[in-house]
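Being a predicted model, the structure only gives us computed values, none of them experimental. Within every chain, numbering begins at 1; the chains are lettered A, B, ... in the order of the sequence lines, protein sequences first and strands thereafter.
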Amino acid sequence: MGIVQRGMRSILLSRRARFVCEARRLVCPSPYRLLHCGGNHQQKDKFLITTPIFYVNSVPHLGHLYSAVLADTIHRWQQLKGAGGSIFSTGTDEHGLKIQQAAVAHGKDPQQFCDEVSTHFRDLFSMSHVGHTDFIRTTESRHRTAVEHFWRKLQSAGYIYQGKYEGWYSTSDEAFVPDNKVMDSVDKTTGKSIKVSIETGSQVEWMKEENYMFRLSEFGPRLLKWLDSNPRAVYPDKYRTLVRGWLGEGLEDLSVSRQRDRLPWGIPVPDDPTQTIYVWLDALVNYLTVCGYPDNHHAHWPADCHVVGKDIVRFHAVYWPAFLMAAGLDPPRSVVTHSHWLMESQKMSKSKGNVVDPFDRIQRYSADGLRYFLLKHGVLEADGDYSDEKVVKVLNADLAGNIGGLLNRCLATSLNPTQTFPAFSANTFPVHPGRQSNSLATEEDYKLLKTLQELPGSVDQHYENFHIYKVLEETMLCVKQANGFVHRHKPWKLGNTPQDQEWASTILHVAMETLRVSGILLQPVMPNLMSGLLSRLGVEETERSWSDAEDVPCVKGREAPYVGRTLGTNRGVLFQRLQKKN
RNA sequence: GGCGGCGUAGCUCAGCUGGUCAGAGCGGGGAUCUCAUAAGUCCCAGGUCGGAGGUUCGAGUCCUCCCGCCGCCA
């Protein structure tokens with residue numbers, strides 16, 4: 001099942017937009033048009049989404065988790081819609097001087113050190129229900145093979161040349177620093193005058209060496225074309241504008257290697273053991289490695305979506321597409337950039353002691369709870385503001401109260417003595433409002449059904465736009481309307497006449513349909529919680545796809561196949577109300 | 001200093017292409033209910049739409065200047 005099959009709902013396809021690729025007459029999603037349709041390779045037909053690979057010099061933090069959760073949510077959404085064979089990759093970037101130094105400081109071999117810290121990332125993602133299909137580490141041999149091949153590709157195409165660099169270099173940042181970003185300072189230990197990077201404060205020293213350069217300066221026009229021909233190339237617009245500004249200022253060639261005697265922990269330049277490949281080039285190629293580069297990547301490449309934090313957008317939206325173009329490959333279809341998380345309006349920092357520990361918060365609020373908060377309060381464009389008070393409030397209102405309350409209401413034996421999925425009566429609630437003697441439904445009730453019917457379409461659009469907070473707001477509002485519907489008709493007050501029983505059953509049916517549809521649509525955000533909810537409703541595993549959410553039988557005058565089915569046996573609250581802490 | 005983005009209720013946002021000078025969710029206050037997780041339902045308060053000018057019959061929405069925040073470049 002892939003993108004291009006006729007009749008299939010294609011990946012990332014909005015309802016209204018279809019675009020036919022002229023070269024091959026393929027149906028492609030409108031936001032992600034193929035830039036280069038020619039060639040004799042297999043065409044891409046499988047979805048690829050990635051997070052960055054995370055540096056293992058430190059334990060994972062909330063920002064890492066947010067990247068992973070965002071990517072996971074979009075990946076799950078795609079899977080709900082039928083994207084088979086997709087790749088969602090994440091992993092760890094394990095090369096570089098800082099890694100080597102951190103290992104030495106811990107009295108460990110670098111490889112051993114990386115093994116341990118990488119496990120922390122794995123653990124966090126596992127605990128957070130991040131369903132990556134691949135966890136790559138840059139120390140893997142498949143990655144080295146990919147990087148070496150990629151390097152040779154760039155070299156043989158003439159985009160790498162040997163150059164001499166003379167200027168300031170920061171060892172701790174592993175970066176060359178331009179003159180204008182250097183300032184005078186004093187070494188506090190020795191009192192001697194030194195120079196430091198204005199940006200990071202690290203000491204820099206004058207350095208002259210030979211290394212390899214990449215002809216980045218030649219790619220400005222092509223990068224601009226990529227950016228301007230695809231509104232999603234860099235998304236949202238705030239970052240696209242930022243990148244266009246960089247391109248407008250001109251690009252300088254990029255140093256892509258370091259002398260090996262200074263940076264031994266990395267991949268050697270092929271055929272030149274005196275140089276090590278620059279860690280960012282090394283790291284970025286991971287996105288190809290996970291696809292099977294250099295020989296088996298065609299089904300997944302180009303990437304549909306790289307999810308990245310705003311601090312690394314330059315690497316992903318300037319260097320990476322340029323590298324790819326130089327290697328004769330398509331750039332990514334979309335680089336989705338998100339902002340950071342503050343702690344009560346302040347930047348998180350170890351020195352302030354206000355860093356949020358995601359492991360701790362998962363313990364407190366559950367993984368799905370933390371995911372819900374991050375996705376409800378996070379917006380791509382703006383820094384999120386974390387606060388435990390906010391977490392507790394939103395989880396109590398939405399999960400414990402709204403959706404959890406409706407679920408328990410519907411499943412309680414007092415309203416649902418048979419503990420089965422109740423029937424819908426078209427007598428009491430006709431498909432169309434109008435004169436019908438037995439109809440008990442009001443105009444407000446028809447509005448609810450209409451909202452429920454339209455929910456999958458609008459939510460689909462919101463997912464596509466990464467407006468997860470709108471997904472949540474709109475879905476929770478629909479659930480609230482269902483609570484109001486139940487309250488309005490008070491089935492607990494109805495009598496024992498056949499008509500009353502029919503109507504009571506219908507009321508419960510609609511409420512539970514709202515839960516079923518909402519539960520399906522919210523699986524990407526809260527996989528475990530919604531799985532539990534759907535199981536309690538008696539929804540089979542095979543009935544939880546996007547098309548099942550789109551299909552509300554009672555609206556169409558059909559009986560639902562699950563009517564009469566025994567409900568799940570799990571009892572208790574869906575989401576335990578949280579107490580305010582501290 | 002130059003360029004770019006932003007500034008709408010306590011919080012998060014909608015209000016895009018000028019037209020009932022303003023909405024939603026959450027939070028807050030009040031009332032009510034007790035089928036259900038002390039859940040639900042109803043009502044209310046909260047806004048100089050950063051400030052000052054301008055264009056227009058009419059501006060949150062367009063223009064100018066200023067203030068503040070963020071980012072990039074120098």
### Task
Starting at atom CG of D398(A), determine the distance to atom P of G40(B), rounded to an integer number of angstrom.
10 Å
### Message
At under 4.0 Å between heavy atoms, how does the protein contact nucleotides 33-38 of chain B? Give one character per nucleotide, 5' to 3', with B, S or -.
### Response
--BBB-
### Query
With both distances kept under 3.5 Å, what pairs with G19(B), Watson-Crick or G-U wobble?
C57(B)
### Message
Can you measure N396(A) atom CG to A39(B) atom P for me and round it to whole angstrom units?
### Response
8 Å
#### Entry: Rounded distance in Å - CZ (F485(A)) to P (C42(B))
14 Å
### Message
If I take atom CE in residue M476(A) and atom C1' in nucleotide G40(B), what distance separates them, rounded to the nearest angstrom?
### Response
16 Å
### Query
Distance between the P atoms of C44(B) and C35(B), in whole angstroms?
27 Å
#### Entry: Parallel, tilted or perpendicular, as decided by the 30° and 60° cut-offs, for the rings of H489(A) and W503(A)
perpendicular
### Query
So, E249(A) and R244(A), do they make that salt bridge, N to O below 4.0 Å?
no
### Query
Can you check side-chain contact (heavy atoms from CB on, under 4.5 Å) on Y469(A) and H462(A), steps first, answer last?
CA-CA 8 Å; Y469(A) 72 98; H462(A) 294 329; over 6 Å; no
### Query
If the P atom of C21(B) is compared with that of G60(B), how far apart are they to the nearest Å?
9 Å
### Charged N-O contact under 4.0 Å between D360(A) and R364(A)
yes
### Task
For G29(B) versus A45(B), give the span between their C1' atoms, rounded off to a whole number of Å.
7 Å
### Query
side chain to side chain contact (heavy atoms under 4.5 Å, CB included) with R536(A): which of L407(A), L567(A), T569(A)?
L407(A)
### Task
For K480(A), report the nucleic acid contact type (base, sugar-phosphate, nothing); a contact means any heavy atom under 4.0 Å.
sugar-phosphate
### Summary
Between K310(A) and V479(A), whichever has its closest RNA chain B nucleotide further toward 5' is V479(A)
Tabulate atom names and distances for all N/O pairs under 3.5 angstrom spanning the protein and nucleotides 9-13 of chain B.
| unit_1 | atom_1 | unit_2 | atom_2 | d |
| --- | --- | --- | --- | --- |
| C11(B) | O2' | K390(A) | NZ | 3.2 |
| C13(B) | O3' | Y469(A) | OH | 3.2 |

### Message
Whole angstroms only, please: what is the NE2-P distance between H467(A) and G25(B)?
### Response
20 Å
### Message
I'd like the C1' distance from C62(B) over to C3(B), given in whole Å.
### Response
22 Å
### Message
Between S531(A) and N528(A), is the side chain to side chain donor-acceptor pair (under 3.5 Å) condition met? List the steps.
### Response
CA-CA 5 Å; S531(A) 172; N528(A) 267 28; over 6 Å; no
### Message
Applying the Watson-Crick and G-U wobble criteria at under 3.5 Å, what pairs with C72(B)? Answer none if nothing qualifies.
### Response
G2(B)
### Query
In whole angstroms, how far is the C1' atom of A14(B) from the CG atom of L380(A)?
16 Å
### Query
Taking the six-membered ring of Y235(A) as reference, does the NZ or CZ atom of R232(A) fall below 6.0 Å from its centre and within a 45° cone about the axis?
yes
### Query
Is the base of G23(B) syn or anti, if syn means a glycosidic angle within 90° of 0?
anti
### Message
Tell me which residues in residues 239-251 of chain A lie within less than 4.0 Å of RNA chain B, going by non-hydrogen atoms.
### Response
T241(A), L242(A), W246(A), E249(A)
### Query
Considering only the C1' atoms, how many Å lie between C26(B) and G46(B), rounded to the nearest integer?
14 Å
### Query
Using the P atom in both, what is the distance from U12(B) to A39(B), to the nearest Å?
26 Å
### Query
Would you call the rings of H306(A) and W320(A) parallel, tilted or perpendicular if under 30° counts as parallel and over 60° as perpendicular?
tilted
### Query
Rounding to a whole Å, what distance do you find between N402(A):CG and G40(B):P?
7 Å
### Query
Which heavy-atom pair separates P321(A) from H316(A) by the least distance, and what is that distance?
CD-O, 3.1 Å
### Query
Using atom P of each nucleotide, how far apart are G15(B) and U61(B) to the nearest Å?
15 Å
## Note on the structure
Mate of U41(B) across any strand shown (Watson-Crick or G-U wobble, both atom pairs under 3.5 Å) is A31(B)
### Query
Is K347(A) salt-bridged to D383(A), cutoff N-O under 4.0 Å?
no
### Message
Out of the candidates Y278(A), W280(A), W246(A), only one should pair with F315(A) under the ring-ring contact (aromatic ring centres under 6.0 Å, His included) rule; please name it.
### Response
W280(A)
### Query
Which base, if any, makes a Watson-Crick or G-U wobble pair with G10(B), both distances under 3.5 Å?
C26(B)
### Message
If the threshold is 4.0 Å, N to carboxylate O, is there a salt bridge linking R516(A) and E513(A)?
### Response
yes
### Query
What interatomic distance, in whole Å, is found between C1' of A24(B) and the corresponding atom of C63(B)?
31 Å
### Task
Measure the acute angle between the ring planes of W341(A) and Y66(A), then classify it against the limits of 30° and 60° as parallel, tilted or perpendicular.
perpendicular
